[in-house]
Amino acid sequence: MTDPYGFLRTPRRPVPARPVQERLSDWNEVYAGQVRLPLVSEQAGRCMDCGIPFCHSGCPLGNLIPEWNAYARKGDWWAAAERLHATNNFPEFTGRLCPAPCEDACVLTINADPVTIKNVEQAIADQIWARGYATPQPPGRLSGKTVAIVGSGPAGLAAAQQLTRVGHTVAVYERADRIGGLLRYGIPAFKMEKRHLDRRIEQMRAEGTKFRTDVDIGSDLDATELVERHDAVVIAVGATGQRELPVPGRELYGIHQAMDYLTLANRVAEGDHDVPVVTAEGKHVVIIGGGDTGSDCLGTVLRQGAASVVQLDINPEPGDTRRDTEPWPVYPKVYRISHAHEEARGREGPDPRVFSSATLCFDGDRSGQVRALRLAEVEPEGRRPRLETERVIPADLVLLALGFFGPERGTGLMRQLRLTLDDRGNFARNAAFAAESAEPAERTARAGSGGVFIAGDAGRGQSLVVWAIAEGRSVAAATDRYLNGSTVLLAPIAPQDRPLVA
């Protein structure tokens, strides 16, 4: 603790984002070019170095937040980087993408504003690269064991880096044409520029991790053959099964799944297309879904020049403060404004979200193009539409951001490894992250407890990037223990662990 009175003398001051009109004119990050080190060092001094740091409980990685806050306060960026990397493989990802449940668990939130933990983390992560602290760490010797990882999202990448560094020969298989999973094509560049992903992948290559793109395991390559060729296999394919909206008119043109739309927009940023295949330019846009994916769509359609945009959320508008049913240190449901919402509002404009609303149907023109959406308010209990509140809003482009139901069903990967689903709709696994199959292990080429492990959203369900990295680190420890009988790798979470709830 560098300043015992810092939390009393220094008010909370987050790093300011770029002006709205400036960032709407490009695809750069909202904080790009902002001066942050003096402000971050001052804000890190607000950390109380609590005897029981509840921020650790709010973060599934168990990040050593008070420790790197103290180093950031003194400007000792090397020590801060070492403490941050001790628990997090990719702090440049979490510092940009995580909604910071650690801040809501900060002890200061009992009666004050929390430490700006996310800003401090991002500043340290950027200094790691700016000062050359992210040098490759190849293993001193090889174990002679091989591991295949299916999926290159944050869970797969974290598992790959951990296993490579302890000496295993690791190959990552990705069905898309580039490595990164949803980090590559699901996250807009204004939230995280892809250079952060690219340089981390290059670091991993220098450490010895192999990457194979354009390989769909279960289709291009039989999954049982992959298992037979490797000593262990980690399945980290994510929860990419997209929820549908079964209402009349869903078949009309102009209605797209949010992730499909975001992927096409990101491919323009990657240079694959000059203009997006699906664009919001000049259109009345409706986004159905109030989560992070809906917010990402909102920021994207604004940059594409939408004529208008409305975001529908079936949930009621939350309050500005914690409810008694969501006490500290749990992550509360409170009214939050993302950068995209701020951009849509402009200067004191209305919130683009319409809460407590449900879609009844879509209306189209003679050519089959969607032109309008009929919605109604929903009852507080049961979410049933109140038909007397029905109204129509224009809609030339509709984006379904309804979340994900779990891993995709009926794939070759699932059939060939005979993977089963748990009661939450995710791939079933035991307490050691090993996959459970519908058949005895000897009949499934070592599927089940015999060297096939499930990591990330595929086993947990739709979650946060910080949970995905924690899953990757934990499954790496489980895999290393399976291969060697013991492990030096840390496992921050178990498969049954869940976020703090009241």
Side-chain angles (χ1 to χ4, degrees), residues 146-160 163 170-186 209-243 257 259-260 263 404-430 432-463 468 471-472 475-476 478-479 482 495:
T146 61
V147 182
I149 295 180
V150 184
S152 67
L157 292 179
L163 290 167
V170 178
V172 179
Y173 292 83
E174 169 58 53
R175 66 180 178 180
D177 58 342
R178 293 183 178 90
I179 295 296
L182 292 186
L183 293 173
R184 174 70 65 183
Y185 290 127
T209 303
K210 308 298 182 184
F211 294 98
R212 306 282 188 265
T213 57
D214 291 308
V215 181
D216 187 0
I217 302 299
S219 177
D220 300 324
L221 177 63
D222 192 284
T224 54
E225 180 182 344
L226 188 74
V227 171
E228 292 167 354
R229 285 165 42 182
H230 295 82
D231 296 298
V233 174
V234 175
I235 307 299
V237 294
T240 55
Q242 302 178 91
R243 291 195 179 101
Q257 286 284 357
M259 200 53 62
D260 297 338
T263 296
F404 305 87
F405 58 75
E408 295 174 20
R409 313 291 167 77
T411 62
L413 172 72
M414 187 174 179
R415 291 195 308 272
Q416 292 157 18
L417 293 184
R418 295 181 174 86
L419 299 176
T420 59
L421 300 176
D422 61 19
D423 56 2
R424 297 166 62 91
N426 307 309
F427 288 152
R429 55 187 180 174
N430 61 27
F433 290 91
E436 296 183 351
S437 70
E439 300 289 339
E442 64 270 18
R443 295 180 58 188
T444 59
R446 297 206 319 275
S449 60
V452 177
F453 299 87
I454 306 296
D457 289 2
R460 173 169 297 275
Q462 182 182 0
S463 190
E471 284 258 343
V475 84
T479 304
Y482 167 78

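Because the structure is a prediction, the values reported are computed rather than measured. The figures that follow rest on heavy atoms only: side chains count, while hydrogens, waters and symmetry mates do not.
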To the nearest 0.5 Å, what is the distance between [atom1] on [X] and [atom2] on [Y]?
X: R212; Y: I179; atom1: CZ; atom2: CD1; value: 10.0 Å
X: R178; Y: R184; atom1: CZ; atom2: CZ; value: 6.5 Å
X: R460; Y: D422; atom1: CZ; atom2: CG; value: 11.0 Å
X: R175; Y: T411; atom1: CZ; atom2: OG1; value: 8.5 Å
X: E225; Y: I217; atom1: CD; atom2: CD1; value: 9.0 Å
X: E436; Y: R418; atom1: CD; atom2: CZ; value: 16.0 Å

F427 vs L421, test: side-chain contact (heavy atoms from CB on, under 4.5 Å). Steps then yes/no. CA-CA 5 Å; F427 288 152; L421 300 176; 3.9 Å; yes
Passing candidate, side chain to side chain contact (heavy atoms under 4.5 Å, CB included) with V452, options V234, I235, T479: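 That would be I235.
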Passing option when P407 is tested against N426, L413, D457 for side chain to side chain contact (heavy atoms under 4.5 Å, CB included):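 With P407 as partner, N426, L413, D457 yield a single side chain to side chain contact (heavy atoms under 4.5 Å, CB included), made by N426.
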Does [X] reach the side chain of [Y], with side-chain heavy atoms less than 4.5 Å apart?
X: E408; Y: V237; answer: no
X: R229; Y: L221; answer: yes
X: L226; Y: Q416; answer: no
X: M259; Y: Y185; answer: no

Shortest non-hydrogen contact from [X] toward [Y]:
X: P154; Y: A468; result: CG-CB, 3.7 Å
X: A478; Y: F433; result: CB-CD1, 4.2 Å
X: Q462; Y: F404; result: OE1-N, 3.0 Å
X: A455; Y: A155; result: C-CB, 4.4 Å
X: A232; Y: F453; result: CB-CE1, 4.4 Å
X: D220; Y: D214; result: OD2-O, 3.6 Å

Is there a donor-acceptor pair under 3.5 Å between the side chain of R409 and the backbone N or O of G425? yes
